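Since the structure comes first, as structure tokens, the remarks are kept for the end.
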Amino acid sequence: MISFPGELIEQLRGAQHIAILTGAGTSAESGVPTFRDGQSGLWAQYNPQELATPFAFQTNPQLVWDWYQWRRELIAQVSPNPGHFALAEMQAIFHHITLISQNVDGLHQRAGSQNVIELHGNILRDKCFNCDAAFKAAPPAKKSIPRCPRCGGLARPDVVWFGESLDSDKLNLAWEAAQNCDVFLSIGTSTVVQPAASLPVNAGENGAVLIEINPQPTPVTRLAAYVLQGPSGEILPQLLDKIAN
Ligand code: OAD
């Protein structure tokens, strides 16, 4: 059993608005690889410039498609972990929780979370590379790249690639939450990718109590009022239990 500081529990219980930012570490215990965890991280094995940029897709669409189909297959086979479920339950207890995620795997929603702000999109949707029209993703087994029903352009996953802008409506909602919350939790993210990495910093500068949950230190660690070092799938259910009882 983790022993949480009493003040941390009181601050969570008394919060009017809690903002939460999650990253790949939140899904690690479900079996979805993170991007930057040493040798097991995706970016240690694959070059993002060859797989996650518009130029990569233009140059070799089939290679990019195959890689995302492989990730879709992997995600289809895993389930939300206790950390995802604890966050969904927290949303049910505290009415004003804004859940912002960099994850594209849809596991928060599968655990029951509502209104997730998916800053980097969702791998379970496709969109047209040409005209941007969104449509349901092809099944993971589909090897040939589908065509847009509207303009005939090639389908691509509806995720944000390096060099692309985030959806401005989603980003505005995230900024608003960071600026107005009284508690901000940064969970399972290395906080090195902008603009998401600035959200906890901004929240802290606006007076929010900053809490980090991560087994490893990040640039946010030194700014956080509380650092809960460990896996979110273990820490979040215990934290929920403590604040709810
Ligand atoms: P990263 O892979 O950069 O960081 C994952 C973080 O999760 C690290 O800080 C780990 O220490 C932590 N971690 C690992 N296991 C954990 C666990 N069980 N519980 C809690 N934390 C754990 O992933 P992100 O920060 O999400 O963007 O990466 C941000 C963005 O970079 C991604 O959305 C993706 C990537 O390139 C795009 O594809 C646009």
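Computed from a prediction, not measured in an experiment: that's the story for all the values here. We use all heavy atoms of the structure for the numbers below, so side chains are in, but hydrogens, waters and symmetry mates are not. Whatever order the structure lists them in is the order used to number ligands and atoms, beginning at 1.
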Within-shell test, A52 vs ligand 1, heavy atom, strictly < 4.0 Å: no

Is it true that W161 lies under 4.0 Å from ligand 1, counting heavy atoms only? no

With distance as the sole test, does [X] use its side chain to make a donor-acceptor pair with the main-chain N or O of [Y] at under 3.5 Å?
| X | Y | answer |
| --- | --- | --- |
| Q91 | Q114 | yes |
| S27 | A24 | no |
| D132 | K127 | no |
| N172 | S168 | yes |

From L171 atom CG to L199 atom CG, the distance as rounded to the nearest 0.5 Å: 7.0 Å

Looking at L21, V116, I20, which one forms a side-chain contact (heavy atoms from CB on, under 4.5 Å) with I100? L21

Show which atoms of ligand 1 fall inside a sub-4.0 Å distance from at least one heavy-atom site of [X].
| X | value |
| --- | --- |
| F162 | 36 (O) |
| V193 | 29 (C), 30 (C), 31 (O) |
| E29 | 17 (C), 18 (N), 19 (N) |
| Q102 | 29 (C), 33 (O) |
| P215 | 13 (N), 16 (C), 20 (C), 21 (N), 22 (C) |
| A28 | 15 (N) |
| P231 | 17 (C), 18 (N), 19 (N) |
| V160 | 39 (C) |

Would one find more than 12 heavy atoms of other residues, nucleotides or ligands at under 6.0 Å from atom [atom1] of [X]?
| X | atom1 | result |
| --- | --- | --- |
| E7 | CD | no |
| Q62 | CD | yes |
| K170 | NZ | yes |
| N115 | CG | no |

Output yes when the distance from some N or O of ligand 1 to some N or O of [X] is under 3.5 Å, and no in every other case.
| X | value |
| --- | --- |
| V192 | no |
| N103 | no |
| F35 | yes |
| T26 | no |

To check your reading of the model: name the closest protein heavy atom to [atom], its residue, and the distance in Å.
| atom | answer |
| --- | --- |
| atom 23 (O) of ligand 1 | A24 CB, 3.4 Å |
| atom 9 (O) of ligand 1 | N214 ND2, 2.9 Å |
| atom 25 (O) of ligand 1 | T189 OG1, 2.7 Å |
| atom 36 (O) of ligand 1 | W43 NE1, 2.9 Å |
| atom 14 (C) of ligand 1 | D37 OD2, 3.2 Å |
| atom 19 (N) of ligand 1 | S232 N, 2.9 Å |
| atom 13 (N) of ligand 1 | G25 CA, 3.6 Å |
| atom 1 (P) of ligand 1 | S190 OG, 3.6 Å |

S144 and W65, any side-chain heavy atoms less than 4.5 Å apart: no

Using a 4.5 Å cut-off on heavy atoms from C-beta on, say whether the side chain of C131 contacts that of R150. yes

Heavy atom to atom 31 (O) of ligand 1, shortest distance: which of H120, R36, Q216, E234 holds it? R36

From the options A44, G233, G188, G23, select the one whose nearest heavy atom is closest to atom 5 (C) of ligand 1. G188

Over 60° means perpendicular and under 30° means parallel, so tell me whether W67 and W43 are parallel, tilted or perpendicular. parallel

Angle between ring planes, H84 versus H108, binned at 30° and 60°: parallel, tilted or perpendicular? perpendicular

